[in-house]
Amino acid sequence: MKTICYIVAMRAEAKPFIERYGMEEVKDFFSPLPCLLYQAQLEGCTLNVVLNGQQHGSDLLGCEAASVAALSAIQRLHPDLVINSGTCGAFRAKGADIAQVYIGNGAMFHDRRVPGDDAWATQSLGNYPVWEGSQALAEALNLKMGKVTTGSSLDMQPCDLEMIQRHGGELKDMEGAAIGFVCSLFQVPVLYVKSVTDLCDSGAETYEEFSRNLHHACETLRNANEKVIEYLTSQF
Ligand code: ADE
């Protein structure tokens, strides 16, 4: 695997990782888009980290910014593998813990309510495939797997929960399926590495729980990503 491209929404999620590899910013690479590129060379492999960038002084979250970043990254960098790494909500009832790192085994949308025939329903749900090596990697690194479920909000409405439960969603985020969608168009494989900041069934206020655990979750995410990179560079 010669070119790996991480796509990350929040600077806080990527910073420990960028510092660990001494990655350099490639200034204005995506100009006029807000996306930012950091690069390092590692054992014959180019490691890229693409951040969604900022608007109005805060990191761009969500499907629109993630799609722009994924599309631009794939067209400009031609990665062999896209890795969407970041934080997520998860479910205590499914055995999740704060700062636990998961590998995704699929990606769906949970807040697209489109009536109509099965074709519309199927398209709305997404259900994008992951990189075929995801399971072997999860086993080698002793990480649990779960289905990424993506929506445009940090909170969870009852209709979101109903959809998540009906389709086996486990790792609630705001970008994963959008990146899966773009990767599916280009037939570029995607690997999900997600660390839990909040438990959607804890009863706590989500933003407060997310903020309290962000630093810890980003540290475990960095440790996991170091192992992911080690695994990928030793295998290919
Ligand atoms: N990112 C971290 N926690 C999240 C949650 N509960 N929902 C969506 N995205 C998240």
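Just follow the structure's listing: the first ligand is 1, and inside any ligand the first atom is 1.
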The residue among Glu208, His215, Glu209 that forms side chain to side chain donor-acceptor pair (under 3.5 Å) with Arg212 is Glu208

Review point. Hey, does Gly89 come in under 3.5 Å of ligand 1, counting only N/O atoms on both sides?
Key: yes

### Message
Is it the case that atom OH in Tyr207 sees more than 12 heavy atoms from other parts of the structure closer than 6.0 Å?
### Response
no

> Side chains of Thr150 and Asp173: is there a donor and an acceptor less than 3.5 Å apart?
Replying inline: yes

Nearest non-hydrogen protein atom to atom 6 (N) of ligand 1, with distance, is Asp198 OD2, 2.7 Å

For Met174, the ligand 1 atoms with a heavy-atom partner under 4.0 Å come out as 8 (C), 9 (N)

protein heavy-atom neighbour closest to atom 2 (C) of ligand 1 works out as Thr197 OG1, 3.2 Å

Check whether Phe109 forms a cation-pi arrangement with Arg112 (NZ or CZ under 6.0 Å from the six-membered ring centre, at most 45° off the ring normal). yes

Exercise for the section: Give yes or no for whether the N/O distance cutoff of 3.5 Å, strictly under, is met between Lys172 and ligand 1. Expected result: yes

Counting heavy atoms under 4.0 Å, the part of Thr206 that contacts ligand 1 is side chain

Which of Ile7, Val193, Val49, Val228 passes side-chain contact (heavy atoms from CB on, under 4.5 Å) with Ser85? Answer is Val193

